[in-house]
Amino acid sequence: MHHLNNFKYILIFLIFNNISVYSQLIELKNIENKELIRNTNFTLDTIQLPIWEDFSSYESKVGNNIWNASNNVSVNNYSNNFSPSINVLILDGTDENGNSYNHINNFGKADSLCSDIINLDSYQINDKLYLSFYWNYNINGEFPDYEDSIKLEFYNKNNQWKTVWYKNGGSNNFPGNNFKYEIIQIKEEYLHDKFMFKFYNLGNTEGPFDSWALDYIYLNKNRNINDSTILDRAITYKPKNIFKKYNSIPIKHLSSSHQSLDSIKVEILNFDSQIQPINYSLIAKEITNNIYDTIENKNPLNPILNGFERRLINNKHLNIDKFNINEDSISIELKFFIESGDSIYTNQNLRLNDTTISYFNMSNYYSYDDNGAEYAAGLNQKNSELVLKYNLLKKDTLTHIQILFPQSTNKTYTSGIELLVYKQLNNEKINLISNNMSLINYGKDFNIYKLETPIIVSDTIYIGYKQFENNLLSVGLDKNNNTADEIYYYINNQWEQNNLIQGSLMIRPVFGDVENYLTTLNEDDNENISIYPNPSSGIFYINKTVNHIQIIDINGKIINNLKNSKEFNITNQKNGLYLVHIVNKEKVIIKKIIKN
């Protein structure tokens with residue numbers, strides 16, 4: 001267990017013995033993502049067998065018919081955890097506000113999921129009632145330790161809760177990245193008219209630690225201890241991306257996106273021991289203009305799906321040309337469904353996990369994230385920098401930067417930030433934008449920072465921010481698309497590529513037209529403007545009078561601003577590299593100078 005409030009992982013980049021200054025890249029759970037939080041107090045109902053729940057229809061609130069309480073458990077869709085079906089139930093160590101449960105020694109009962117009353121009074125032991133489910137550690141969260149556990153309890157005839165199953169955490173008990181199947185008999189002492197069952201976890205209650213995952217809960221009669229089959233074919237996760245890495249690209253860049261298109265991947269699982277035929281379809285729709293692209297149409301899966309087989313389907317890519325329309329923004333609905341002959345019964349609609357719908361919004365920005373911050377990550381060192389790499393599909397004018405700073409994970413940072421745009425990462429650290437000190441608004445919405453001087457960029461850029469405190473400053477982290485290799489950070493005077501956290505930081509470049517404004521970046525041909533002598537002891541001259549001069553040091557600090565001048569003096573500054581922004585005739589020119 002880690003005894004730090006609200007932290008999901010503690011990932012330390014650098015540790016120096018006997019040195020008190022260090023930096024951490026820390027990942028946290030974002031409890032502001034309210035769509036993931038299922039905090040309810042349903043009216044206690046009496047329900048009948050069968051009981052079946054795989055959490056795939058969470059948005060339709062099917063769970064209201066089954067559960068009487070689900071205290072702060074969350075439902076999420078992951079593509080990397082080999083879950084039985086769409087969505088899994090997550091139990092960890094935070095209350096409904098993302099705060100500690102305040103147990104003695106910060107350890108105790110945390111999240112719980114309890115059924116409605118189930119009337120079993122008419123059943124006998126020879127009716128062979130069994131409850132089955134799948135469990136694992138939440139591989140996208142912090143693993144439970146040996147002293148942590150997940151428990152299942154039944155409510156008996158004497159109005160008492162009895163533990164019928166439990167598992168401890170720890171590396172030796174980790175089943176690997178595969179869900180473990182369990183089946184428990186409902187014995188005589190539980191066959192009464194007020195039977196209930198509940199899952200809960202015991203662990204560190206200081207924050208969202210010791211995380212477990214549950215899925216596919218099934219209670220019915222005429223089963224046996226070896227009964228692990230059900231005539232169900234299920235989709236296991238929603239399609240993540242249309243493009244290879246991006247969740248969204250600017251509409252004006254769609255015409256250049258063909259090489260970035262990716263096959264649309266969906267995974268299915270056969271719960272039966274016998275081979276099962278299915279047909280599958282994939283349809284894209286632009287919602288506003290009703291533009292359709294039938295990508296796959298009732299294709300028979302070939303070869304046929306084997307018993308208990310999990311298979312990845314690589315669908316054809318989207319015909320992006322159909323959606324390259326003259327709109328400021330579009331929303332593409334991607335619907336994948338299978339025709340499998342799955343049955344529909346009361347409390348057991350096995351077709352619920354046969355269809356999945358994802359939405360992809362295109363506007364004026366690139367994004368790796370899907371607009372949902374399940375977690376957050378950041379640094380905690382003064383003057384550290386965190387940037388995200390983007391490979392642009394075409395040259396365009398960068399006008400804004402969007403960054404999401406969740407309220408729930410930013411408790412102590414009080415300063416502003418400096419926005420950063422780099423063409424390349426090196427120790428010269430040439431920031432392409434100036435006058436870029438900005439304040440932070442914490443919450444569920446992106447901060448939209450307008451660049452005072454828009455710039456034309458192409459190919460590769462790195463965007464992000466520099467912070468000015470040793471307190472943690474965290475950015476939204478989307479766990480459903482892993483672009484960890486695009487994250488870079490600058491600490492202790494060197495750049496490092498991330499290899500610790502998994503996911504996509506919620507930092508986006510925004511592009512647009514700038515009316516009556518021309519921008520350019522060209523260091524070799526800038527209307528013959530030159531600075532001399534260079535290097536110099538501190539007095540520099542420009543070969544013509546320019547409208548505006550701004551001198552910036554290697555730390556991004558603006559040390560001088562001049563208007564209508566052709567010379568400047570930095571003799572009072574330290575020796576080293578400086579950046580000169582020259583604005584002349586509505587053009588921005590960047591020069592490097594050296595004071596020696």
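Every value quoted in this text rests on a predicted model; they were computed, and no experiment measured them.
Residues passing the ring-ring contact (aromatic ring centres under 6.0 Å, His included) test with Y465, sequence neighbours excluded: F405. In this structure E486 satisfies the side-chain hydrogen bond (donor to acceptor under 3.5 Å, both in side chains) test together with K245, sequence neighbours excluded. By the side-chain contact (heavy atoms from CB on, under 4.5 Å) test, D445 is found to be paired with no residue, residues two or more places apart in sequence or in another chain being considered. With sequence neighbours left out, the side-chain contact (heavy atoms from CB on, under 4.5 Å) criterion links P239 to I264, V266, L334, T356, S358. Qualifying ring-ring contact (aromatic ring centres under 6.0 Å, His included) partners for Y280, counting only residues two or more places apart in sequence or in other chains: none. Residues forming a ring-ring contact (aromatic ring centres under 6.0 Å, His included) with H400 (at least two apart in sequence, or on another chain): none. In terms of the side-chain contact (heavy atoms from CB on, under 4.5 Å) criterion, residue partners of S248 (sequence neighbours excluded) are, by chain and number, M362, Y365, S367. N481 pairs by the side-chain contact (heavy atoms from CB on, under 4.5 Å) definition with N241, Y368, D478, T483, S504, not counting sequence neighbours. By the ring-ring contact (aromatic ring centres under 6.0 Å, His included) test, Y488 pairs with Y462, sequence neighbours left out. With sequence neighbours left out, the side-chain hydrogen bond (donor to acceptor under 3.5 Å, both in side chains) criterion links S458 to no other residue.
Among residues at least two apart or in separate chains, there is no salt bridge (Lys or Arg N to Asp or Glu O under 4.0 Å) pair with a member in residues 73-82. Applying the salt bridge (Lys or Arg N to Asp or Glu O under 4.0 Å) test to pairs two or more places apart or on separate chains, none has a residue in residues 393-404.
Note: W495 and Y422 have perpendicular aromatic rings, judged against thresholds of 30 and 60 degrees for the angle between ring planes.
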Quiz prompt | side-chain contact (heavy atoms from CB on, under 4.5 Å) evaluation trace for I139 with F82 | solution = CA-CA 10 Å; I139 67 164; F82 294 98; over 6 Å; no

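By the 4.5 Å heavy-atom criterion applied to side chains, D148 and F143 are not counted as neighbours. Side-chain atoms of N391 and D459, non-hydrogen and from C-beta on, never get closer than 4.5 Å to each other. With contacts defined as side-chain heavy-atom distances shorter than 4.5 Å, the pair I430/K423 does not qualify.
Checking W135, Y137, F179, W212 one by one against F174, the ring pair (Phe, Tyr, Trp, His ring centres under 6.0 Å) holds for a single residue, Y137.
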